[in-house]
Amino acid sequence: MTAILTDPEEAAALLRRGELVAFPTETVYGLGGDACNERAVARIFAAKGRPRFNPLICHLPEAEAAFAEVIADERARILAESFWPGPLTLVLPRRPGCRIALLAAAGLDTLAVRVPAHPLALALLRAAGRPVAAPSANRSGRVSPTTAAHVLEELGGGIAAVLDGGPCPIGLESTVLDLTSRQALLLRPGGVTREAIEAVIGPLAQPEPTVAPERGLRSPGQLASHYAPSLPLRLAASRVGPEEALLAFGDPLPGAGLVFNLSAAGELEEAAARLFAGLRWLDAEAGRRGLSGIAAQPIPDRGLGEAINDRLRRAAAPRA
Ligand code: AMP
Ligand code: MG
């Protein structure tokens, strides 16, 4: 059963325990989970039923807290001063030692951060005392919810609670601005207009035709920071040799030179939570030991397995 709450403290207690709580922002209702808890983040993807991991926005109660997780430049600071709290999301490089789960940014080295302008959202974030990762609180492929009733129709039963703050005042998603290169780039138009941003930091880069709008990401060729292992990755392996590292799932295949098990119990949620950290560790360690590649055991293509397999296929694809 999904509880309907009006007390942000109660909702924050659930978040701190790794549960999912939908909450109102000035744009749409978000599906929140503790951004530092890989399992909670995996649960967000499971609840949305999305066949891919897309990077999530991390919500914080003030700019200072946001800039503790990412590296802010001068542009980021004046934009924060001008538009936060408000419907502007900034994509910036992760700070070394950043506590946020790799899965929250779908393995990217960048992070999207925002301070929302809704009093209940701010009360929740302050009480939670940690960054909250939240996509819109709808099932994949459906419109973003702007009332608690919409959230229940979409996700009822699959989440611990919804914090009811009535209808969202803007009903339009946040503007997403990429500040990871010298020229700022609008990834998604939203509540703060291009003109308003340009009045503060000057002209934005023209949108490129290669931008994939449904993902808000630049074309794969420009995704230099999107993590792919440096060693070749072989999928659906049924055997493995001592010259290879093994990305295991369930009972590991015998004979590998090095093993990282995504989930010994064969649980998809645990595997999703460990995927990006596991790939990074295995790649680095296998490289140090001079192994020739990584073999991945098959992962069932249901539930979160679909998104895990999508990510592995892209990591295994030939590189340009
Ligand atoms: P939603 O979760 O529906 O509010 O959508 C979040 C938007 O932010 C999507 O368009 C994402 O692709 C975008 N986004 C989040 N994190 C990043 C990131 N690190 N780099 C680029 N885009 C991001
Ligand atoms: Mg959405």
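Hydrogens, waters and symmetry mates are skipped; everything else that's a heavy atom, side chains included, is used. Counting starts at 1 for both ligands and their atoms, in listed order.
Any N or O atom pair closer than 3.5 Å counts here, and N54 shares no such pair with ligand 1.
Each of the atoms 2 (O) of ligand 1 lies under 4.0 Å from some heavy atom of P135. For ligand 1 and V176, the ligand atoms under 4.0 Å from any heavy atom of the residue are 8 (O). Distances below 4.0 Å separate heavy atoms of L187 from the following atoms of ligand 1: 21 (C), 22 (N). Less than 4.0 angstrom separates some heavy atom of L108 from each of these atoms of ligand 1: 18 (C), 19 (N), 20 (N).
Between F23 and Y29, the ring center distance fails the sub-6.0 Å criterion.
Within the protein, the number of N, O or S atoms lying under 2.8 Å from the Mg ion (ligand 2) is 1.
Side-chain atoms of R188 and T89 form no donor-acceptor pair, as typed in the model, at a separation below 3.5 Å.
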Applying side-chain hydrogen bond (donor to acceptor under 3.5 Å, both in side chains), run through T110 and T180 and close with a yes or a no.
CA-CA 8 Å; T110 57; T180 57; over 6 Å; no
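With a 4.0 Å cut-off on non-hydrogen atoms, S136 touches ligand 1 through its backbone as well as its side chain. Both the backbone and the side chain of T110 come within 4.0 Å of ligand 1, counting heavy atoms alone.
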Side-chain donor/acceptor pairs under 3.5 Å, residues 295-303, sequence neighbours excluded:
from, atom 1, to, atom 2, distance (Å)
Q297, OE1, L253, N, 3.1
Q297, NE2, D251, O, 3.1
D301, OD1, N309, ND2, 3.0

